[in-house]
Every structure is written in C-alpha cells, then in structure tokens.
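Please read all numbers here as calculations on a predicted model, not as lab measurements. Start at 1 with the first residue, then count along the sequence.
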Amino acid sequence: MQLKHFLQVTDLSREEYEHLFERTRWMKHAFKQYQQYWPLVDRTLAMIFDKNSTRTRLSFEAGMNQLGGTAIYLSTRDTQLGRGEPVEDAARVISRMVDLIMIRTHEHDILQRFARHSRVPVINGLTDEYHPCQIMGDIFTYIEHRENIAGKKVAWIGDVNNMCNSWLQAAEIFDFKVHVSAPPGYEVNAERIGLVSTKNFELFSSPHDAVKNVDLVTTDVWISMGFEAEAEQRKADFADFCVDAEMMALADKDAVFMHCLPAHRGEEVAAEVIDGSQSVVWEEAENRLHTQKALMEYLLLGKIRHS
C-alpha cells in the first residue's frame, strides 16, 4: 500500500471521505453496541504534542485503544525535539519504531518536513494553518444530522484561523459555500491555503449578513494558542462577532451551530446558543473519535468494508 499522509483537507478526495464516513458510521454503531473491533492489534501510534490538547489527545488515544492498538504520548518538552533535535532526524527515528504518527504543533512547515522523512503515515492533529481532523468530524456531524452538505451554506464568524482555512478547503471538495465574516485585518488569504477559485466562499463585513439563511453557523475562539499577547486587541476587534440568539435567528430555521471547543461563553458565542437546541457541539466533539478511527484504519490498512 502506498504511503499516504493526512496533513490538510485536500490530501484526500471526496470519494475517500465518503468511504471514511461510511466506516465512521459502522465504527460508531459498533462502539455504541460494545462490539469489539480490533483491526490494529500490534500497531502503535506515536502522538507528538507541541501544543496542549484535551480532545485531540483523548480522541486519538482512546480511538487507537478501541481499534486494538497502542498509543504513546510524546511531548516536545520531554523529548529531544524540545532540545533542538532536527525534525528530519526525529522523523527518521520515530517512524522506524511505530506504525503511525500524529503531530500537533505550531508551524505547518514542521509537519511537512517531518512527513517528508517519515516511513509511516503522518496525521495533522493541528497546526497554525490547518485542523483537518476537526473538519472531518464536523462534516460527518452535519451529514449525520442533515444527510448531505453538498449545496449547503456555512457561515464562518470570527477569526480566519486554521479552522476557517480547513472549512474553505472542504467547501471545494464537498461543493458547498462558506460565508466568511471577520473584522478588517483578519481576512481570508485564498492563495496561501491553495484555493482553486473563489466560487465556494463569499466575504461579508457584517456577520449578520453572513448568517442569513445559512444551514450551518460555526465559530472558534478569538484568541488561539500562540496569540495570547494580542488578547485585548482581539477582544476589541471581534466585539461585534459574538454568535448570539439574534444572529442565529437569521439563519435557516433548521440550521445547526458548531464550535470545535474549547468555547468561551460570552465572547465568540453566547451561552444560549452553544447550550441551545440548535447546537450539535457535543456530538461534533464525540465524532472526532470515530472519524479519526476510520482515518487511522484507512491509512494503515486501506479500504475495508463491512456489510
């Protein structure tokens, strides 16, 4: 089987995602029925963390265990990577000892350099540029609730960050449209994230205009890891971009709300929205577990089908 990495959303085709979502449904059902499924016995996942995490570590570690494999946690603070060992050397060594590697770091270039020198598949657990595993879980969650995302409209409100970048990439693959509303100075850089055209997204200066009649409203924290020094400025810049009940009322009546978490109620989202009836954030968080299990199975074993 040809070595394949998952570093950004565009690394897989729509057909491959459809297979992954089919596997996700099967694995989630088996999990709920307490059915043992161990296709990755004797396989080991190395999880390298340069950024702290709750959901990423838990979902990958629990997921690998549920597939019969073993997950090893490595922090750059506790390894030679944190003491200046070249990324390329670390990749050559670690990939000789495990079957799969997940990395959560800052610069996307670090991930790419690691992958170029790895003998095993590398998964992006998050970089400053992209968060493909989260988007995979988000799109599966929407399909789970509303069957199909093709042709739908998604409103991204707030910071144009790694999540927004990944939503924009996904829009081209799944053929939906993203309405992006961010303050001046936080605009989309379509060329930087490799978008083929602008037909799958539209920019709005007003978040209220961006959410009108959309099928999904989503946001993220205003101050991502690494931007803490800009906290006060960002809070001022994003003051009008809180997703509240008034804003959600402008979306389609069947629209859902998503947030990749952790959330700050009263900042980027009102408590009445994230804890309200349109919110699917808890299912969204759970689905990280199941979509990543399907991803790990695919990267290691290729396409497997069950009736």
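L58 and F49 are assigned to two separate hydrophobic clusters, defined by single-linkage of ILVMFWY side chains at heavy-atom distances under 4.5 Å. By the rule that hydrophobic residues join a cluster once side-chain heavy atoms approach within less than 4.5 Å of another member, L45 and L3 end up as members of separate clusters.
Other residues, nucleotides and ligands place more than 12 heavy atoms under 6.0 Å from the CD atom of E88. More than 12 heavy atoms of other shown residues, nucleotides or ligands fall within 6.0 angstrom of atom CD in Q35. Counting heavy-atom neighbours within 6.0 Å of D42 CG, excluding the residue itself, gives a total of 12 or less.
In this structure, the side chains of V154 and D138 stay at 4.5 Å or more apart for every pair of heavy atoms. Side-chain contact between N148 and I143 is absent, with no heavy-atom pair separated by less than 4.5 Å.
In this structure, K28 does not pair ionically with E283, as no charged nitrogen and carboxylate oxygen lie closer than 4.0 Å. Note on K51 versus D128: salt bridge recorded, some NZ/NE/NH1/NH2 to OD/OE distance being below 4.0 Å. Looking at K32 and E286, a side-chain N of the basic residue comes within less than 4.0 Å of a carboxylate O on the acidic one, giving a salt bridge. Looking at K4 and E16, a side-chain N of the basic residue comes within less than 4.0 Å of a carboxylate O on the acidic one, giving a salt bridge. A salt bridge does not link D175 with R14: every distance from a Lys NZ or Arg NE/NH1/NH2 to an Asp or Glu carboxylate oxygen is 4.0 Å or more.
The aromatic ring centres of W222 and F241 sit 6.0 Å or more apart.
Looking at R119, its side chain never comes within 3.5 Å of a backbone N or O of R92 through a donor-acceptor pair. A distance-only check finds a donor-acceptor pair linking the side chain of N162 to the backbone of T127 [under 3.5 Å]. In this structure a side-chain-to-backbone donor-acceptor pair under 3.5 Å is present from S166 to H131. For Q169 (side chain) and I193 (main-chain N/O), a donor-acceptor pair under 3.5 Å exists by modelled atom type.
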Item to complete: Mind running salt bridge (Lys or Arg N to Asp or Glu O under 4.0 Å) on E172 and K199 for me, showing each step along the way?
Response: CA-CA 9 Å; E172 290 191 341; K199 74 180 183 69; over 6 Å; no
Item to complete: May I have the step-by-step check of salt bridge (Lys or Arg N to Asp or Glu O under 4.0 Å) for R234 and D237, ending in yes or no?
Response: CA-CA 5 Å; R234 282 175 170 259; D237 292 343; over 6 Å; no
Item to complete: Give the intermediate values and the outcome of ring-ring contact (aromatic ring centres under 6.0 Å, His included) for residues Y17 and F174.
Response: CA-CA 9 Å; Y17 282 113; F174 291 92; 5.3 Å; yes
Discussion item. Walk me through whether E144 and R25 qualify under salt bridge (Lys or Arg N to Asp or Glu O under 4.0 Å).
Written reply: CA-CA 9 Å; E144 195 176 42; R25 280 187 285 272; over 6 Å; no
Worksheet entry | From CA spacing to verdict: side chain to side chain contact (heavy atoms under 4.5 Å, CB included), K177, N200 | CA-CA 5 Å; K177 191 162 188 177; N200 291 100; 5.5 Å; no
Worksheet item: Step by step, would you call R265 with D275 a salt bridge (Lys or Arg N to Asp or Glu O under 4.0 Å)?
Response: CA-CA 10 Å; R265 290 166 175 80; D275 299 319; 2.8 Å; yes
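Here the CZ atom belonging to R288 is positioned 12.5 Å from the OG1 atom belonging to T24, to the nearest 0.5 angstrom. Here the straight-line distance linking atom CE of M163 with atom OG1 of T218 works out to 5.5 Å at 0.5 Å rounding.
Between S95 and the choices I101, V122, L100, the side chain to side chain contact (heavy atoms under 4.5 Å, CB included) rule is met once, by I101.
Within the structure, the ring pair (Phe, Tyr, Trp, His ring centres under 6.0 Å) test picks out the following pairs touching residues 201-220 (sequence neighbours left out): H179-F204. Sorted by first then second residue, the ring pair (Phe, Tyr, Trp, His ring centres under 6.0 Å) pairs that include residues 284-304, not counting sequence neighbours, are H19-Y298, F31-H290.
Cluster partners of Y34, using a side-chain heavy-atom cutoff of under 4.5 Å among ILVMFWY residues and allowing indirect links: none.
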